[in-house]
There are 4 protein chains.
Amino acid sequence: MILEKLKAVTTLIFDVDGVLTTGDVLATPSGELLRTFNIKDGYALQLAVKRGYHVCIISGGKGEAMEKRFAGLGIPDIHLGVGDKVEVFEKYLEKYNIQAAEVLYMGDDVPDFNVMQLVGIATCPADATNDIKAISSYISPFNGGKTAVRDVIEKVMKLQGSWFDEKPLASDSGK
Amino acid sequence: MILEKLKAVTTLIFDVDGVLTTGDVLATPSGELLRTFNIKDGYALQLAVKRGYHVCIISGGKGEAMEKRFAGLGIPDIHLGVGDKVEVFEKYLEKYNIQAAEVLYMGDDVPDFNVMQLVGIATCPADATNDIKAISSYISPFNGGKTAVRDVIEKVMKLQGSWFDEKPLASDSGK
Amino acid sequence: MILEKLKAVTTLIFDVDGVLTTGDVLATPSGELLRTFNIKDGYALQLAVKRGYHVCIISGGKGEAMEKRFAGLGIPDIHLGVGDKVEVFEKYLEKYNIQAAEVLYMGDDVPDFNVMQLVGIATCPADATNDIKAISSYISPFNGGKTAVRDVIEKVMKLQGSWFDEKPLASDSGK
Amino acid sequence: MILEKLKAVTTLIFDVDGVLTTGDVLATPSGELLRTFNIKDGYALQLAVKRGYHVCIISGGKGEAMEKRFAGLGIPDIHLGVGDKVEVFEKYLEKYNIQAAEVLYMGDDVPDFNVMQLVGIATCPADATNDIKAISSYISPFNGGKTAVRDVIEKVMKLQGSWFDEKPLASDSGK
């Protein structure tokens with residue numbers, strides 16, 4: 001049952017392109033691909049870190065811009081340029097002694113397929129590919145880059161009573 | 001009654017991300033987050049300043065780009081990188097001897113929650129979070145960054161007869 | 001009658017923000033506002049110039065980026081940073097000995113209001129302000145920056161039989 | 001019959017603006033036009049190359065940014081700044097000894113019109129011009145830049161059983 005599973009979540013892992021972004025990249029003359037992130041997602045990510053959740057990024061993409069963005073939100077585990085997500089996932093669980101059943105993962109496309117079959121709760125944005133939707137326990141009503149990540153984090157934290165235990169500050173704003 | 005309240009408005013305060021923008025930020029390799037603003041919002045903001053309204057920005061975000069944008073519109077009070085919006089709000093009211101009942105505020109997310117409970121008219125874009133919608137007197141039919149700000153300013157000014165008292169110039173265009 | 005008027009059009013004048021763009025501007029740290037243009041609009045603009053139409057840009061906005069974009073399409077009359085659009089419009093007509101009845105103009109907001117009342121055919125994008133829609137002979141089903149300009153140019157040129165009189169080349173692509 | 005034709009496809013040719021992008025370009029002060037690409041399209045493009053399909057880009061547009069993007073996906077034939085697409089198309093077929101009937105082409109506007117009448121399967125995004133839709137065998141339900149390209153590649157490869165013959169890797173992610 002999905003609500004029971006959400007109550008057990010201690011760990012939030014996210015793909016980047018198509019999940020934390022719309023999947024769009026701005027191609028620059030230097031060859032770098034620039035990404036656009038949503039502040040509502042950012043707010044939830046930094047709050048989850050502050051409240052003690054394990055928050056982790058695993059992406060095949062890379063770039064200084066996205067690395068700085070995630071570091072700025074306080075995310076401690078940022079894996080970019082990843083070839084095999086399952087391998088990175090298994091090492092991450094080992095590092096923090098996390099059980100797969102405690103993990104919520106959000107992905108949107110083929111490179112997420114294998115790892116999504118290993119986690120407690122596989123989730124995806126509304127515009128994930130059909131193959132990914134087919135293996136997801138929860139499909140957010142929001143698209144990638146358009147608060148799908150905020151949606152799942154807020155759901156988990158509200159269910160666990162950790163969304164607010166103090167007066168919110170603007171400095172929590174994920175800027 | 002909302003129309004009565006709108007007639008009393010002398011002061012317009014806006015959050016930035018998700019209100020004056022869609023909430024999207026372009027992450028650059030230097031670590032700066034770049035924002036996209038709408039010219040229709042800009043038109044209304046500069047006109048409100050010219051017509052004598054108090055116009056104020058209070059945002060947890062910061063950056064030279066947004067500072068220059070707001071200064072270019074003639075907005076005199078631009079508070080960026082704000083940790084506690086209530087504190088900044090109260091000092092601002094004191095500075096200009098404004099009553100909270102004269103203030104229209106538009107916010108979209110948790111960091112706006114407390115300050116929105118203090119103002120005369122709390123408003124939000126169509127895509128604000130549910131928690132913010134629940135405490136708003138007026139929910140714009142437009143999304144953040146997609147003329148929600150223009151919508152409330154134009155409503156206030158038309159109601160007060162200040163939208164036009166002279167022939168409009170293209171130099172009022174908010175560019 | 002609108003079709004009769006369209007047959008008389010020799011001159012196409014466009015506002016920029018909200019017409020040739022969505023109205024969004026990317027604010028950069030240097031203070032410049034960068035705009036996004038649509039290639040389908042660009043295709044129609046360069047073709048209209050090649051076919052001998054008078055094509056003119058009148059905008060309150062300015063910037064090297066937009067100037068280069070319009071020059072690259074071969075548009076001969078580019079008026080940026082304009083304070084009074086009527087004044088520029090009247091001088092433009094005089095320069096080429098054009099009658100106002102031959103002019104199709106597309107605008108979207110207050111700074112276009114006065115000039116739109118002087119032209120043969122006032123048009124606007126689907127997302128123009130209500131005040132502008134109210135004085136438009138034709139409201140495109142497309143939004144600003146989303147092929148509203150292409151829509152009106154293609155309509156005029158197809159009606160006048162000038163959309164194609166030779167095999168199209170990819171070099172006409174408005175790139 | 002469309003399914004029979006799709007089974008015969010060995011070659012995938014794409015226009016860029018309006019097909020691999022939304023048709024939007026960000027105009028920069030240097031005069032370069034920057035484009036935004038979708039990672040789901042990128043995933044399919046690099047996989048098609050790896051699986052042995054002929055993949056080719058033919059665009060009237062140009063720029064170092066897009067050249068690097070396509071090269072980064074492993075696409076061997078990238079024709080930018082093209083004036084006559086038919087000429088480039090015919091030389092490309094000759095180079096690899098490809099028959100026109102084996103070619104799937106996706107275009108969206110006038111410069112694609114002639115070449116689309118020569119290929120086995122002419123396709124277009126949902127937001128192509130009406131003239132292009134009228135000569136297309138398949139109209140994707142997705143817009144240009146919004147996974148229309150992914151849609152046709154995935155359809156061809158799934159039909160031919162080449163979408164997966166090995167465990168997918170995140171390094172296939174089109175980043």
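Lettering of chains follows the sequences in order, A, B, ..., and the numbering in each one begins at 1. Quick note: numbers below take in every heavy atom, side chains included, and nothing from hydrogens, waters or symmetry partners.
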Hey, what do you get for CZ (C/Phe37) to CG (D/Leu26), rounding to the nearest 0.5 Å?
9.5 Å
Could you pull out all residues at least two apart from D/Ala122 that satisfy side chain to side chain contact (heavy atoms under 4.5 Å, CB included)?
D/Met116, D/Val119
For the interface with chain D, which of C/Thr21, C/Asn38, C/Thr22, C/Thr28 has the highest count of heavy-atom pairs at distances below 4.5 Å?
C/Asn38
Let me know if D/Asp112 has heavy atoms under 4.5 Å from chain C in its side chain, its backbone, both or neither.
neither
Tabulate below the donor-acceptor pairs under 3.5 Å that side-chain atoms of residues 87-94 of chain C make, not counting sequence neighbours, or state none.
none

Sort by residue number and list every member of residues 133-147 of chain C having a non-hydrogen atom under 4.5 Å from chain D.
C/Gly145, C/Lys146
Does any non-hydrogen side-chain atom of C/Leu34 lie less than 4.5 Å from one of D/Pro29?
yes
Tell me, for C/Glu154 versus chain D, whether the close heavy atoms (under 4.5 Å) come from the side chain, the backbone, both or neither.
side chain
With sequence neighbours excluded, tell me which residues meet side chain to side chain contact (heavy atoms under 4.5 Å, CB included) with D/Thr129.
C/Lys40, C/Arg150, D/Asp109, D/Asp131, D/Ile132
Close side-chain approach of D/Val110 and C/Phe164, heavy atoms under 4.5 Å
yes
Roughly how far apart are C/Thr36 OG1 and D/Asp24 CG, rounded to 0.5 Å?
6.0 Å
Taking side chain as C-beta onward, heavy atoms only, is D/Val25 less than 4.5 Å from C/Ile39?
yes
Shortest non-hydrogen contact between D/Ala27 and C/Ala65, atoms and distance
O-CB, 3.4 Å
At what distance, to the nearest 0.5 angstrom, does OG of D/Ser30 lie from NZ of C/Lys68?
6.0 Å
